[in-house]
Amino acid sequence: MAFLRLSLAVIGIAFGALIVWAVIVGDFWSEGSWLTTNPWGIVSLADLYFGFLLSAVVIAFFEKPTAAILWILPVPFLGNVWVVVWFIYRLPMLRARLKSR
């Protein structure tokens, strides 16, 4: 369990660093326009937000309503980095609940 949590933390930090690098080096408004004009860019955005929706459903199943809202609201803005934080935080509880079934 500790190895999985550490692995998720390392991946989340690496992904966060990649986002920071892209923000510093790239120009999202000019380069990001490709996403909304290219069919595969649109598919990629749809896939991304569908993944956010699925993550929100999982979070909602495991959290109390107020906590779920607080965990879910940042997802569209912070992305999967935030979902990784939730998984690291809740992994022991997830494992225990899934194991008891």
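In this structure the side chain of Thr36 reaches within 4.5 angstrom of the side chain of Leu45, judged on heavy atoms. Side chains of Trp86 and Leu94 form a contact here, defined as non-hydrogen atoms less than 4.5 Å apart. For the pair Leu35 and Ile42, the minimum side-chain heavy-atom distance is 4.5 Å or more.
Not counting sequence neighbours, the partners of Leu78 by the side chain to side chain contact (heavy atoms under 4.5 Å, CB included) test are Pro74, Trp82. Residues passing the side chain to side chain contact (heavy atoms under 4.5 Å, CB included) test with Ala68, sequence neighbours excluded: Glu63, Ile72. When the side chain to side chain contact (heavy atoms under 4.5 Å, CB included) test is applied to Ile88, the partners found at least two apart in sequence or on another chain are Arg5, Leu8, Ala9, Val84.
When the side chains of ILVMFWY residues are joined at heavy-atom separations under 4.5 Å, either directly or via intervening members, Tyr89 and Phe87 end up in a single hydrophobic cluster. No chain of hydrophobic side-chain contacts below 4.5 Å, direct or via other Ile, Leu, Val, Met, Phe, Trp or Tyr residues, connects Phe77 to Val83. In the hydrophobic clustering of this structure, Leu54 does not group with Leu48; members are Ile, Leu, Val, Met, Phe, Trp, Tyr whose side-chain heavy atoms approach within less than 4.5 Å, directly or through other members. Both Leu4 and Ile59 are part of a single hydrophobic cluster, where members link through side-chain heavy atoms under 4.5 Å apart.
When all heavy atoms of Ser55 and Asn80 are compared, the closest pair comes out as OG-OD1, 4.3 Å.
Screening residues 33-53 for salt bridge (Lys or Arg N to Asp or Glu O under 4.0 Å), with sequence neighbours left out, gives no hits. Residues in residues 47-69 take part in these ring pair (Phe, Tyr, Trp, His ring centres under 6.0 Å) pairs, two or more places apart or across chains: Tyr49-Phe52. Residue pairs meeting the ring pair (Phe, Tyr, Trp, His ring centres under 6.0 Å) criterion with at least one partner in residues 5-43, sequence neighbours excluded, are absent.
Separation of atoms CE (Met93) and CG (Leu98) is listed at 9.0 Å; rounding is to 0.5 Å.
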